[in-house]
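Input: a single structure, listed below in C-alpha cells.
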Amino acid sequence: MASQAIFIYLAIAIIALSVTVITRKNPVHSIVFMLLLFFHIAGLYLTLNAEFLAAIQVIVYAGAILVLFLFVVLMLNLKEEVIERRYIGLWPLGLLLAVALLGTVLTTLKSISTGTKGIFSPELLKSETPTKVLAEVLYTEYLFPFEIASVVLLVAIVGAIVLAKKRLKS
C-alpha cells in the first residue's frame with residue numbers, strides 16, 4: 001500500500017514537473033525543475049527495483065546532461081532571443097503538429113498488443129545482477145530500438161545546434 005502511494009505520488013509529480021519545465025519562461029528555472037524531474041524519475045525506478053537505472057538516471061541525466069544544458073543556456077544570449085520572439089507567430093502550426101503527434105501516439109497505442117511473458121521472471125532477476133540482465137536484454141532483444149534511440153538523440157543534438165546558431169547580421 002505504501003509503495004503504491006509512493007508510485008502514485010511520483011507519477012503525479014513527474015507529470016506536474018514535466019508541464020512546469022515546458023511552461024517556464026526563464027530557461028534556468030526550467031533546468032532546475034528538470035533536475036527535480038530527473039530525481040523523481042530515479043525514485044520511480046527505485047520503486048520498480050531497478051537500482052541500476054536509478055543510479056544511471058542521476059549520474060548521466062542529472063549530473064552530466066543537465067549541467068551541459070545549464071552551460072549552453074548560460075552561454076547563449078537569451079535576453080535577445082526572448083525579445084525577438086521570432087517563433088511566437090508559428091503557434092498554430094505547433095498546435096497542429098502537436099495534435100497530429102497525439103493522434104499518431106494514440107493510434108499506435110491502440111495497435112500495441114502484449115505478447116507472451118518473457119523469460120525474465122522476478123526470481124531470475126534476483127538471482128542474476130540487474131545490470132547483467134539489462135545488458136543481455138538490451139543488446140539481444142532490443143538492439144534495433146536501442147539503435148533507433150541513438151539516432152533520435154543524434155537528430156536532437158543536430159537540432160539543438162541549428163537552433164543555437166546565430167544569424168549573421170549583414
Side-chain angles (χ1 to χ4, degrees), residues 1-23 27 30-73 93-164:
M1 186 64 179
S3 65
Q4 191 174 14
I6 292 171
F7 183 85
I8 290 171
Y9 160 74
L10 290 172
I12 291 172
I14 287 170
I15 292 170
L17 287 169
S18 300
V19 171
T20 306
V21 166
I22 62 172
T23 57
S30 293
I31 290 175
V32 171
F33 283 112
M34 192 182 297
L35 179 65
L36 288 173
L37 174 69
F38 287 158
F39 281 121
H40 279 79
I41 292 173
L44 189 65
Y45 287 145
L46 287 177
T47 62
L48 298 173
N49 293 328
E51 296 86 6
F52 176 73
L53 286 179
I56 292 298
Q57 177 75 25
V58 170
I59 293 169
V60 173
Y61 287 99
I65 293 178
L66 211 56
V67 171
L68 179 66
F69 281 2
L70 191 59
F71 279 132
V72 169
V73 164
L93 178 64
L95 181 65
L96 180 68
L97 288 174
V99 169
L101 182 63
L102 180 65
T104 304
V105 168
L106 290 177
T107 305
T108 304
L109 286 177
K110 286 181 181 176
S111 66
I112 291 177
S113 64
T114 56
T116 59
K117 289 187 176 183
I119 60 170
F120 298 101
S121 65
E123 293 80 21
L124 179 64
L125 291 176
K126 287 180 182 176
S127 66
E128 297 282 337
T129 61
T131 308
K132 182 179 177 184
V133 172
L134 177 68
E136 186 177 326
V137 171
L138 190 63
Y139 290 117
T140 56
E141 294 180 32
Y142 296 105
L143 182 61
F144 186 68
F146 180 73
E147 293 298 326
I148 294 295
S150 65
V151 171
V152 168
L153 288 174
L154 177 65
V155 170
I157 290 170
V158 171
I161 291 171
V162 169
L163 288 175

List the atom of V19, the atom of T23, and the distance in Å for their closest heavy-atom pair.
-> O-OG1, 2.9 Å

How about M34 and Y61: do any of their side-chain heavy atoms sit closer than 4.5 Å?
-> no

Looking at OH of Y9 and CD1 of I14, how far apart are the two atoms once the value is rounded to the nearest 0.5 Å?
-> 9.5 Å

Heavy atoms, side chains only, cut-off 4.5 Å: are L97 and L101 in contact?
-> no

Give, for atom OG of S3 and atom CG of N49, the distance between the pair rounded to the nearest 0.5 Å.
-> 9.5 Å

Atom OG1 of T47 and atom CD1 of I8: how far apart are they, to the nearest 0.5 Å?
-> 11.0 Å

All heavy atoms of L44 vs all of L10, minimum pair found to be N-CD1, 3.5 Å

On a heavy-atom basis, the closest approach of A42 and A54 is O-CB, 3.4 Å

On a heavy-atom basis, the closest approach of A16 and T20 is O-OG1, 2.7 Å

Report yes if some heavy atom in the side chain of L53 is under 4.5 Å from a heavy atom in the side chain of Q57; otherwise report no.
-> no

To the nearest 0.5 Å, atom CZ of F38 lies from atom CD1 of I31 at 10.0 Å

Pairwise distance CG(L106) to OG(S111) - rounded to 0.5 angstrom | 11.0 Å

